[in-house]
Amino acid sequence: MSDEIRRNMALFPIGIVMKLTDLTARQIRYYEQHELIVPARTAGNQRLFSLNDVERLLEIKSLIEKGVNIAGIKQVLLPIEKNSDDATVINEQTEVARKELTDSDLHKYLKRQLRTKRPGQVSLIQGELSRFYNK
DNA sequence: GTTCTAACA
DNA sequence: TGTTAGGA
């Protein structure tokens, strides 16, 4: 499986994303309303976020802290193209992986992700998520 | 127990 | 953005 797909697998419910990003559920849902992120949904209508979604949220968070509003962020963060590599995927494989995801697995998973670099986003996620693997 | 949408003392 | 109501 490619890292591209791995990064786009919808794995985390909003609770985990809250801890990962330090954002409130309210904020996360609000950003989704403004299409800054487009998480996948389970059959029960619950949001499932991919690592890419988490990265985008961290970027959004940093921009908000710099005083940028939603309109401004929309100009920085390109819209997610449907059916593109940026679209959050949810399938059987994702389903299985998500159910088996434990907290310790999450840590190992995140550490692994940090080694697969991506231009423009790497420095950010490494800084923001460091509190997890450095503790 | 967790998450969802809608709405505002 | 916070918070709460009422459901799933």
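It should be emphasised that the depicted structure is a prediction, and the values quoted were computed from it without experimental measurement.
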inquiry  = Reading DNA chain C from 5' onward, which residue's closest nucleotide shows up sooner: A:Gln46 or A:Tyr30?
reply    =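 Nearest-nucleotide comparison on DNA chain C picks A:Tyr30.
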
Side chain A:Lys61, main chain A:Asp22, donor-acceptor under 3.5 Å =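 No, A:Lys61 side chain to A:Asp22 backbone: no donor-acceptor pair under 3.5 Å.
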
ask   = Any stems for DNA chain C, made of 3 or more Watson-Crick or G-U pairs in a row, each with both distances under 3.5 Å?
value =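 The stems that DNA chain C takes part in, listed by first number, are B:4-8 with C:2-6.
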
request  = Under the side chain to side chain contact (heavy atoms under 4.5 Å, CB included) rule, collect the residues that match up with A:Leu63, sequence neighbours excluded.
outcome  =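 In terms of side chain to side chain contact (heavy atoms under 4.5 Å, CB included), with neighbours along the sequence ignored, A:Leu63 is linked to A:Val68, A:Ile73, A:Val76.
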
key: Under the side chain to side chain contact (heavy atoms under 4.5 Å, CB included) test, residues paired with A:Gln27 that sit two or more places apart   =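 Residues passing side chain to side chain contact (heavy atoms under 4.5 Å, CB included) with A:Gln27: A:Leu23, A:Thr24, A:Tyr31.
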
Please round to the nearest 0.5 Å and tell me the distance separating atom [atom1] of [X] and atom [atom2] of [Y].
{"X": "A:Asp53", "Y": "A:Leu20", "atom1": "CG", "atom2": "CG", "answer": "11.5 Å"}
{"X": "A:Glu55", "Y": "A:Ile37", "atom1": "CD", "atom2": "CD1", "answer": "13.0 Å"}
{"X": "A:Asn52", "Y": "A:Leu57", "atom1": "CG", "atom2": "CG", "answer": "11.0 Å"}

task = Quick one: list whatever passes side chain to side chain donor-acceptor pair (under 3.5 Å) with A:Asn69, sequence neighbours left out.
result =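 Checked A:Asn69 against side chain to side chain donor-acceptor pair (under 3.5 Å); zero matches.
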
message = Distance under 4.0 Å to a non-hydrogen atom of chain A counts as contact; along DNA chain C, which nucleotides mark the start and end?
response =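 Contact boundaries, 5' end first: C:dT1 to C:dT3.
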
Report each atom pair, protein N/O against N/O of nucleotides 5-9 of chain B, whose distance is under 3.5 angstrom.
{"residue": "B:dT5", "atom": "OP1", "partner": "A:Arg41", "partner atom": "NH1", "Å": "3.1"}
{"residue": "B:dT5", "atom": "OP1", "partner": "A:Arg41", "partner atom": "NH2", "Å": "3.0"}
{"residue": "B:dT5", "atom": "OP2", "partner": "A:Arg47", "partner atom": "NH2", "Å": "2.2"}

message = Regarding A:Gly44, tell me which of base, sugar-phosphate or nothing describes its non-hydrogen contacts under 4.0 Å with the strands shown.
response =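 Contact class for A:Gly44: none.
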
ask   = Considering only heavy atoms from C-beta outward, does the side chain of A:Pro13 approach that of A:Gln46 to under 4.5 Å?
value =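 Not touching, per the 4.5 Å side-chain cut-off.
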
inquiry  = Could you go through A:Arg41 and A:Arg47, starting from their C-alpha distance and side-chain angles, then the distance that decides it, and tell me whether this counts as side chain to side chain contact (heavy atoms under 4.5 Å, CB included)?
reply    = CA-CA 5 Å; A:Arg41 295 282 184 148; A:Arg47 271 166 275 248; 3.0 Å; yes

